[in-house]
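Structure first, then comments.
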Protein chains: 2
Amino acid sequence: MSPNPSEGDYQVQGQIGFILRKANQRHVAIFASHISDLTPPQFAALAKLHDVGETSQNQLGNMIAMDAATVKGVIDRLAARGLVRLSKHEVDKRRLQVNLTDEGRRAIEELVPLAKAISDETLSPLSAKDAETLLQLLTKIS
Amino acid sequence: MSPNPSEGDYQVQGQIGFILRKANQRHVAIFASHISDLTPPQFAALAKLHDVGETSQNQLGNMIAMDAATVKGVIDRLAARGLVRLSKHEVDKRRLQVNLTDEGRRAIEELVPLAKAISDETLSPLSAKDAETLLQLLTKIS
DNA sequence: ACATTTTCATTCGTACACAAGTGATAACCT
DNA sequence: AGGTTATCACTTGTGTACGAATGAAAATGT
């Protein structure tokens, strides 16, 4: 029954959205098993800040694909833990500048090797070549 | 400076976790542009229910990769909108059985064609062959 | 039969993620 | 200059997502 392809052949588990969600879940779990005191978004914010130095909150958010409301929460939590410092921009009074503290800098520099291990473990079911292919294809749909 | 590969070459934006997160963001946005009155998890729950018929909340959660706390919220919202119906299992008094209502069945059957379009649009930057490859590789790391 | 362990569901707390609305400031433009 | 528009940050509300703790009921082991 139903050899009609527009009818009964839809399986959520095979859809790109579902698989993307699951892959993400697995990655977050691997991340947490290596770095338990920071979330992936928090880590991304620190790493990017280490990369570019002082920026405004919104600018940082743009760089790591977070909207203003989301980045605020992430930065507030990092600030509460003393990893970043906030200050008003001297010229543009709207802007809230974000900086790494010494502790934040130390933290991110220590964590980068772990982050590499996390990426490796996430991709460990694949050969090096397949991992490379996956990153390329995934980038295209991002 | 720093030709040392273990030092300065870490870029968050190139890591699998970051790209996965971004790809997911894009997919969710595409989903919302086609189906605005349901979220991807809600849709997954309805689709799976339509597939397997009556099940318990936890069982449904297992099938669509949601833990007990998450699936409860999703199902409660679907129930509040009359798309699913909850009832106690007659034998096993711990279980909460979940069923599609007629309205829920009508909804999911109408939405499946849209869901296919969503998957297609998400994968549209890729050739059919690359899309297939992506799904396979992604499944392996899920 | 009874105690131990599992399973099912719930609740609480924390953390993204984004839409929509607000207020303040800056940039632009005639 | 003065009005319009854009940008920056914040707030509220909704919806995942998961850890941890709880209580009820079922399954298991002896």
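This one's a predicted model, so the numbers in the text were calculated from it and none came from an experiment.
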Separation of D/dA21 atom P from B/Lys72 atom NZ, nearest Å, is 21 Å
Between CD of B/Gln57 and P of C/dT7 the distance, given in whole Å, is 18 Å
B/Asn62 atom CG is separated from C/dT7 atom P, nearest whole Å, by 11 Å
Go through B/Leu111 and B/Ile35 one step at a time and tell me if the side chain to side chain contact (heavy atoms under 4.5 Å, CB included) criterion holds. CA-CA 8 Å; B/Leu111 291 176; B/Ile35 300 179; 4.1 Å; yes
Check: Is A/Arg26 reaching over with its side chain to a backbone N or O of A/Thr122, donor-acceptor style, under 3.5 angstrom?
Finding: yes
Report, one pair per line, the protein and nucleotides 16-21 of chain C atoms (nitrogen or oxygen only) whose separation is under 3.5 Å.
residue : atom : partner : partner atom : Å
C/dC16  : OP1  : A/Thr39 : OG1          : 2.6
C/dC16  : OP2  : A/Gln42 : NE2          : 3.2
C/dC16  : OP2  : A/Arg77 : NE           : 2.4
C/dC16  : OP2  : A/Arg77 : NH2          : 2.7
C/dC16  : O5'  : A/Arg77 : NH2          : 3.1
C/dA17  : OP1  : B/Arg21 : NE           : 3.2
C/dA17  : OP2  : B/Arg21 : NE           : 2.9
C/dA17  : OP2  : B/Arg21 : NH2          : 3.3

Side chains of B/Gln11 and B/Phe18 in contact at under 4.5 Å (non-hydrogen atoms): no
From the candidates C/dT10, D/dC8, D/dT11, the one with an atom nearest any side-chain atom of B/Leu96 is C/dT10
In whole angstroms, the gap separating P of D/dA17 from NZ of A/Lys22 amounts to 13 Å
Whole-Å distance, A/Asp37 CG to C/dA15 P, equals 12 Å
- Task: Check step by step if side chain to side chain contact (heavy atoms under 4.5 Å, CB included) holds for B/His34 and B/Glu121.
- Result: CA-CA 10 Å; B/His34 288 257; B/Glu121 187 175 337; 2.6 Å; yes
B/Arg95 CZ to C/dT6 C1', in whole Å, measures 12 Å
### Query
Would you say B/Lys22 and B/Gln13 make side-chain contact, with heavy atoms under 4.5 Å?
no
Exercise. Hey, are the side chains of A/His50 and A/Arg105 touching, using non-hydrogen atoms and a 4.5 Å cut-off?
Worked result: yes
For A/Gly82 and A/Glu103 the tightest heavy-atom approach is O-OE1, 3.7 Å
_Strictly below 4.0 Å, N to O, side chains only: are A/Asp76 and A/Lys72 in salt-bridge contact?_
yes
Is any side-chain N or O of B/Gln59 closer than 4.0 Å to OP1 or OP2 of C/dT7? no
* B/Ile108 and B/Leu83, any side-chain heavy atoms less than 4.5 Å apart -> no
The helix from C/dA1-D/dT30 to C/dT30-D/dA1: angle between terminal helix axes, five bp per end, to the nearest 10 degrees, reads 20°
**Message:** Are A/Pro41 and A/Met66 packed together at the side-chain level, in the sense that at least one heavy-atom pair is separated by less than 4.5 angstrom?
**Reply:** yes
Between CD1 of A/Ile75 and P of C/dA15 the distance, given in whole Å, is 14 Å
Atom CD of A/Gln97 and atom P of D/dT7 are separated, to the nearest Å, by 17 Å
Could you pull out the protein-nucleic contacts involving nucleotides 24-26 of chain C (nitrogen or oxygen on both sides, under 3.5 Å)?
residue : atom : partner : partner atom : Å
C/dT25  : O2   : A/Arg94 : NH1          : 3.2
C/dA26  : OP1  : A/Val91 : O            : 2.9
C/dA26  : OP1  : A/Lys93 : N            : 2.9

>> Using a 6.0 Å cut-off, check whether atom CG of A/Asp102 has over 12 heavy atoms from anything other than its own residue.
In response: no
